[in-house]
Amino acid sequence: MRNNKKNDFLSMSDLLSDFKSQSKLQKGFVKVDVEGAWNTIMGPGVTNYTTQLKFTAGTLFVNLSSSVLRQELMYGRTMIIKNLNEHLGKDMIEKIVLR
C-alpha cells in the first residue's frame, strides 16, 4: 500500500499494528496472543495436556486433562503469570484458573 507520495511506503509492521488496534478485532487478537504465549512458555509437555484455553477480563482459564499436572501448576501460578506477561510485553493476565 502506498501513501499519497509516490515513494512514501508504509512498513508492514505499522500496517499490521494499525489493523490489530481496530476495536472490533482487538479482543480476538488478544486471545490469539495469550494462547500463543501459553504454548511457547509452557512447552509441548504441558500443551499436550491442555484441552482448552479461555481468556476473559484478565483471567486465563486453563482446562487440563491431567489432574497431577494441574496440581503441579497450582504451585507455580504466580511464576507462570509473570512469564506469560513478560512474553506478551504487558500485564494482561492477572489470574489463572486451572481446571
Side-chain angles (χ1 to χ4, degrees):
M1 291 183 80
R2 287 192 299 170
N3 228 347
N4 291 334
K5 295 181 182 176
K6 185 176 181 178
N7 292 325
D8 190 17
F9 290 96
L10 297 173
S11 70
M12 188 61 109
S13 63
D14 290 340
L15 287 173
L16 287 175
S17 64
D18 288 345
F19 182 71
K20 284 177 74 172
S21 67
Q22 293 178 3
S23 62
K24 292 180 182 178
L25 300 173
Q26 187 65 28
K27 287 182 182 179
F29 280 116
V30 166
K31 290 178 182 180
V32 169
D33 291 343
V34 168
E35 186 174 328
W38 175 265
N39 293 336
T40 303
I41 296 298
M42 301 311 288
V46 174
T47 304
N48 288 339
Y49 291 103
T50 303
T51 57
Q52 183 181 14
L53 286 174
K54 183 179 179 185
F55 181 70
T56 2
T59 304
L60 179 61
F61 297 94
V62 181
N63 290 354
L64 298 165
S65 60
S66 170
S67 60
V68 175
L69 178 62
R70 183 180 318 114
Q71 192 63 34
E72 286 291 323
L73 293 179
M74 286 280 207
Y75 296 118
R77 275 190 289 188
T78 55
M79 185 58 102
I80 294 169
I81 292 171
K82 179 183 171 229
N83 289 339
L84 288 171
N85 283 332
E86 282 180 6
H87 183 78
L88 293 167
K90 52 186 168 182
D91 290 340
M92 294 172 56
I93 302 170
E94 299 168 5
K95 181 178 164 185
I96 292 182
V97 176
L98 300 168
R99 305 184 214 172

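Quick caveat, the model's predicted, so the values are computed rather than measured.
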For the residue pair [X] and [Y], establish whether any side-chain heavy-atom pair is separated by less than 4.5 Å.
X	Y	answer
M92	V30	yes
V62	T51	no
T50	N63	no
K95	V97	yes
R77	L98	yes
L73	V46	yes
I93	I80	no

| task | Apply side-chain contact (heavy atoms from CB on, under 4.5 Å) to N85 and K90, showing your working. | result | CA-CA 6 Å; N85 283 332; K90 52 186 168 182; over 6 Å; no
| said: Donor-acceptor check, side chain of R70 to backbone of R99, threshold 3.5 angstrom: yes or no? | reply: yes
| field | Donor-acceptor under 3.5 Å (N48 side chain, P44 main chain) | value | yes
How long is the span from the [atom1] atom in [X] to the [atom2] atom in [Y], to the nearest 0.5 Å?
X	Y	atom1	atom2	value
T56	F61	OG1	CZ	5.0 Å
D33	H87	CG	NE2	8.5 Å
E86	L88	CD	CG	10.5 Å
L64	M42	CG	CE	8.5 Å
I81	I96	CD1	CD1	4.5 Å

| request: Check whether F29 and L53 end up in the same hydrophobic cluster, where Ile, Leu, Val, Met, Phe, Trp and Tyr are linked by side-chain heavy atoms less than 4.5 Å apart. | output: no
| Going by atom types only, do W38 and T47 share a side-chain donor-acceptor pair under 3.5 Å? | no
| query | For S66, which residues count as a side-chain contact (heavy atoms from CB on, under 4.5 Å) partner, sequence neighbours excluded? | reply | Y49, V68, L69
